[in-house]
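A note on names: the letters A, B, ... follow the listed sequences, proteins ahead of strands, and every chain is numbered from 1. All values below come from the heavy atoms of this structure, side chains included, with hydrogens, waters and symmetry mates left out.
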Number of protein chains: 4
Amino acid sequence: MATQEPAAGESAAQDPTAQDPTAQGTAAQGAAARPRKRQARGEKRITELLDAAGQVFAEHGYSATTTNAIAARAGVSPGSLYQYFPNKEAIAEALAERYAARAHATQLILEDPELPGMPLPAILDRVVDPTVVFHCEDPAVHVLLAGPDSPARLHAVHSPLHEAMLSRIATLLRALAPGLTEARVEQTALVTVGVFKGLLPLVLAAPEEHRPALVHELKLVLLGYLRPVVESGSADSGWVE
Amino acid sequence: MATQEPAAGESAAQDPTAQDPTAQGTAAQGAAARPRKRQARGEKRITELLDAAGQVFAEHGYSATTTNAIAARAGVSPGSLYQYFPNKEAIAEALAERYAARAHATQLILEDPELPGMPLPAILDRVVDPTVVFHCEDPAVHVLLAGPDSPARLHAVHSPLHEAMLSRIATLLRALAPGLTEARVEQTALVTVGVFKGLLPLVLAAPEEHRPALVHELKLVLLGYLRPVVESGSADSGWVE
Amino acid sequence: MATQEPAAGESAAQDPTAQDPTAQGTAAQGAAARPRKRQARGEKRITELLDAAGQVFAEHGYSATTTNAIAARAGVSPGSLYQYFPNKEAIAEALAERYAARAHATQLILEDPELPGMPLPAILDRVVDPTVVFHCEDPAVHVLLAGPDSPARLHAVHSPLHEAMLSRIATLLRALAPGLTEARVEQTALVTVGVFKGLLPLVLAAPEEHRPALVHELKLVLLGYLRPVVESGSADSGWVE
Amino acid sequence: MATQEPAAGESAAQDPTAQDPTAQGTAAQGAAARPRKRQARGEKRITELLDAAGQVFAEHGYSATTTNAIAARAGVSPGSLYQYFPNKEAIAEALAERYAARAHATQLILEDPELPGMPLPAILDRVVDPTVVFHCEDPAVHVLLAGPDSPARLHAVHSPLHEAMLSRIATLLRALAPGLTEARVEQTALVTVGVFKGLLPLVLAAPEEHRPALVHELKLVLLGYLRPVVESGSADSGWVE
DNA sequence: GATGAATGAGGATTCATTCAT
DNA sequence: TATGAATGAATCCTCATTCAT
């Protein structure tokens with residue numbers, strides 16, 4: 001039933017196979033293409049919905065964003081939205097995942113084998129700058145990184161974005177300071193993410209011309225915290241009681 | 001005590017006792033006590049409402065907190081709540097101010113004349129520890145420090161709590177590093193507040209036994225950022241490009 | 001109990017008997033003066049409340065006027081208001097009665113024995129002009145003449161103001177056209193009041209400079225309707241079917 | 001019929017059938033009928049809601065009418081009402097427009113080319129009678145013609161119904177007295193509407209058996225006012241000072 | 001009498017979600 | 001699948017009225 005009866009009125013105009021550049025070849029594909037196309041259309045819808053969600057989240061914040069607004073922005077009906085996402089939270093999650101993936105793509109830098117040998121300030125430049133650009137380009141990123149203003153945030157601080165950031169930083173730390181215990185890596189990564197979460201809103205809120213200075217401050221905070229860690233395997237070296 | 005905080009709204013303007021110059025003797029006390037008692041009831045209600053608001057904010061977060069829930073928790077009708085506060089935002093603001101005042105009381109430490117002479121780690125102990133205690137004791141503090149999850153937060157990051165924290169840190173910085181320009185003091189204070197905002201949720205969310213470690217990390221972050229500032233009047237000393 | 005224990009703090013300052021110019025004489029009056037003074041103060045309160053009510057009705061219309069707003073405008077507490085009026089409607093009624101009385105004072109003209117002998121246009125001038133002035137001076141008059149926008153208006157069209165207007169016009173008609181049956185007098189008066197009610201808002205709403213023209217139109221309407229009535233004892237004279 | 005009144009809100013803009021140029025043939029009808037049916041349901045709901053609103057307005061008056069009552073009377077949930085109308089005022093406006101349209105249909109008489117040649121009393125019969133019937137049949141008409149009892153009424157006397165009545169009367173006047181200046185036409189129309197507004201409630205409130213008499217009076221008022229206007233181009237002819 | 005705190009039902013409006021077509 | 005109508009509980013807030021002091 002799912003694959004029958006293409007809705008009249010549209011099917012004539014848009015020949016599905018004609019639009020699918022991935023269509024590859026022989027007779028058996030006629031049957032295979034149909035579900036694929038369905039899926040493709042679904043993917044497109046999802047993309048559109050997430051695009052719309054990103055805009056609305058960025059404009060209104062997490063709590064004030066309504067599913068109806070997202071659907072309207074995407075140009076679809078509320079019912080359609082619920083065909084792809086069970087609820088608002090799922091949309092946020094999916095969007096966060098998309099951002100996480102995109103961030104990952106952006107930060108392949110981290111896998112540069114040269115990186116561990118560089119001086120820490122240079123490493124921070126490479127890590128912080130694209131992160132800032134990423135957050136500035138699409139303010140919804142930060143909305144989703146922070147999550148709803150409910151205490152859920154306190155107990156489950158973990159959006160996909162948070163997780164992604166966390167694991168990337170942990171990876172970097174393992175490379176920079178191989179002597180760290182796993183527990184310390186994780187704690188240090190957590191704190192680093194916390195610093196990002198605390199300072200990125202400042203950067204985003206600042207007028208364009210103040211941003212570079214604030215980004216620099218962000219780097220200084222990270223440098224001050226991480227240098228002892230990567231140099232001696234502990235951040236405590238600077239602590240004199 | 002009854003006359004400390006003027007009652008919210010307009011009612012305070014018509015304080016009967018203030019208008020009656022004859023209410024100074026012994027006999028007049030009976031008459032004067034009555035309005036005062038009424039006023040006291042109002043004050044008490046405000047206190048109860050703010051207490052209730054604190055609980056509800058702590059439990060449900062900013063956006064999910066409803067005025068009806070606050071009223072119910074305070075054991076009064078919704079109408080009563082609106083006799084004292086025009087809307088939810090005003091409650092949050094008043095509560096934040098109360099916290100700000102309380103925080104101020106807590107941190108008179110900052111005015112200890114010995115403080116500027118102490119080593120930075122000791123200073124941080126004195127500053128961070130009560131702050132953490134304060135936030136842990138009443139989780140609503142953090143809810144209000146963070147504010148609603150709307151983008152308003154990005155443009156106007158300013159709750160009374162935020163402001164209070166900011167100015168206290170700025171004062172401290174001026175004492176510790178008298179050579180700093182005012183602009184640098186303010187920027188540094190802003191960043192410091194950002195660090196607190198970013199890391200306090202971690203501390204709060206952590207299970208009791210992990211807290212001390214996280215608090216220590218928080219101090220390390222601050223130490224790493226602030227040491228260069230107070231030592232050389234700039235945080236840049238450690239930055240090698 | 002009602003006459004005992006004058007409220008402390010005020011009684012000394014204002015000797016009741018001193019203020020009452022109607023105090024007439026002997027010893028027995030000491031006892032009588034007290035309640036009178038009570039009453040006098042009550043009258044004053046009532047006056048203030050009605051003044052306030054007039055303002056608020058004029059500003060917000062009948063339905064949108066709240067008892068709390070009236071009390072606030074009068075500078076008293078809501079409780080005090082309810083000491084003098086059982087509910088909002090009673091305030092409107094009392095205010096309407098006050099206006100009715102005032103209107104009556106204004107239109108003693110109607111009792112001018114010369115009036116019946118004058119030409120109708122002159123009579124209309126004498127009747128309409130002060131009415132218009134009266135309504136313009138205090139817009140609450142019209143609010144109360146019209147009453148609430150509920151269908152009660154349709155079934156019980158009768159505010160004290162309405163009644164007053166009705167009876168004054170009826171009286172005038174009886175003088176002008178003694179031959180009319182009572183039924184016709186009443187119907188004609190009713191219609192005349194309707195014309196006033198319909199056209200006065202136009203006059204009130206018009207900018208100052210257009211008012212005279214509209215008042216003139218109002219007179220023309222009345223003239224056209226009433227001339228046949230007073231001339232032939234019937235308005236039908238002009239009707240040719 | 002389905003496409004007459006565009007659905008309220010924005011949804012009308014996305015009328016699918018309008019966008020699909022292929023939906024002309026026989027086969028496409030199935031597809032075209034579906035959205036049309038949905039649209040039809042919306043139209044029907046709007047009709048039902050306005051019907052319900054008419055009843056409730058008639059029963060309770062403007063201010064006392066609640067959106068919930070309208071929804072309940074229409075047998076739908078409050079949410080549904082708000083899918084079609086943004087607020088109470090919009091409902092009143094839409095309803096007034098519906099009445100205005102209906103009135104127009106009722107009074108095509110005015111376009112009878114014979115009309116200007118008839119004697120004024122006959123013209124008034126033709127104009128007033130259907131108007132009275134119209135108002136009697138559905139008392140909400142008058143509620144909406146009068147509008148809310150707020151002072152807004154005084155400044156902006158204009159509901160769609162008011163406007164419709166105004167323009168119809170102006171048109172009639174232009175036909176009857178072509179010599180009138182436009183300014184006089186408008187003023188005269190305004191005054192005529194005022195007379196209707198003032199006297200129709202009388203007619204509506206009167207017991208069935210008194211109505212004819214009151215309607216007759218209404219006509220007499222109009223005749224007295226309008227005869228001079230249409231006969232000499234001025235109402236002033238009867239005014240002797 | 002006066003006060004102003006207290007009430008609580010009720011009103012307008014929203015929104016996540018479901019359902020018939 | 002897509003639609004958009006439908007839902008209804010929940011939200012914020014108001015206001016006539018009462019009550020303790």
With the side chain of D:Tyr82 defined as its heavy atoms from C-beta on, choose the nearest nucleotide among E:dT14, F:dA16, F:dT3.
E:dT14
So, is C:Ser77 close to the E:dT3 phosphate, meaning a side-chain N or O under 4.0 Å from OP1 or OP2?
yes
Kindly give the heavy-atom pair with the smallest separation between B:Gly54 and B:Ala140, and that separation in Å.
O-CB, 3.3 Å
What is the distance from CD of B:Gln83 to P of E:dG8, rounded to the nearest Å?
14 Å
Which of F:dC12, E:dG11, F:dT3 is nearest the side chain of B:Thr66? It is F:dC12
Atom-to-atom span, CZ of D:Phe85 to P of F:dA5 - whole angstrom
12 Å
Send over the distance from A:Tyr62 OH to E:dA16 C1', rounded to a whole Å.
12 Å
Under 4.0 Å, heavy atoms only, any strand: does D:Thr65 hit a base, just the sugar-phosphate, or nothing?
sugar-phosphate
Where the side chain of C:Pro78 is defined as all heavy atoms beyond and including C-beta, which of F:dT17, E:dA12, F:dT7 is the nearest nucleotide?
F:dT17
Closest approach to the side chain of A:Ser80, judged atom by atom: which nucleotide of E:dT3, F:dT14, F:dT3 is it?
F:dT3
Pairwise 5' ranking along DNA chain E for C:Gly79 and D:Ala69, keeping only the more 5' one
C:Gly79
Any heavy-atom pair between the side chains of A:Phe85 and A:Leu50 that's under 4.5 Å?
yes
With nearest nucleotide decided by heavy atoms, which residue, D:Gly75 or C:Pro86, maps closer to the 5′ end of DNA chain F?
D:Gly75
Any-strand Watson-Crick or G-U partner of E:dT21, both distances under 3.5 Å:
F:dA2
May I ask you to check whether A:Tyr62 and B:Ser150 show a side-chain donor-acceptor distance below 3.5 Å?
no
DNA chain E: 5'-proximal contact among B:Asn68 and C:Leu81 (nearest heavy atom)
C:Leu81
F:dC15 P sits how many Å from C:Glu89 CD, rounded?
18 Å
Starting at atom CZ of B:Arg45, determine the distance to atom P of F:dC19, rounded to an integer number of angstrom.
17 Å
Any strand is fair game: report the nucleotide pairing with E:dT13 by Watson-Crick or G-U wobble, both distances under 3.5 Å, or none.
F:dA10
Distance (rounded to the nearest 0.5 Å) between B:Glu93 CD and B:Glu89 CD
6.0 Å
Would you indicate whether the side-chain heavy atoms of C:Thr66 and C:Ile70 approach each other to under 4.5 Å?
no
Rounded to whole angstroms, how far apart are CD1 on A:Ile46 and C1' on F:dA2?
15 Å
As its Watson-Crick or G-U partner within any shown strand, both distances under 3.5 Å, E:dG8 has F:dC15
Between E:dT13 atom P and D:Lys88 atom NZ, what is the distance in whole Å?
9 Å
What nucleotide among E:dT17, F:dG8, F:dC13 has an atom nearest to a side-chain atom of B:Asn87?
F:dC13
I need the NZ-P distance between C:Lys44 and E:dG1, as an integer number of Å.
13 Å
Side chains of D:Ile91 and D:Leu81 in contact at under 4.5 Å (non-hydrogen atoms)
yes
Can you tell me if the side-chain N/O atoms of C:Thr67 get under 4.0 Å from OP1 or OP2 in F:dA16?
yes
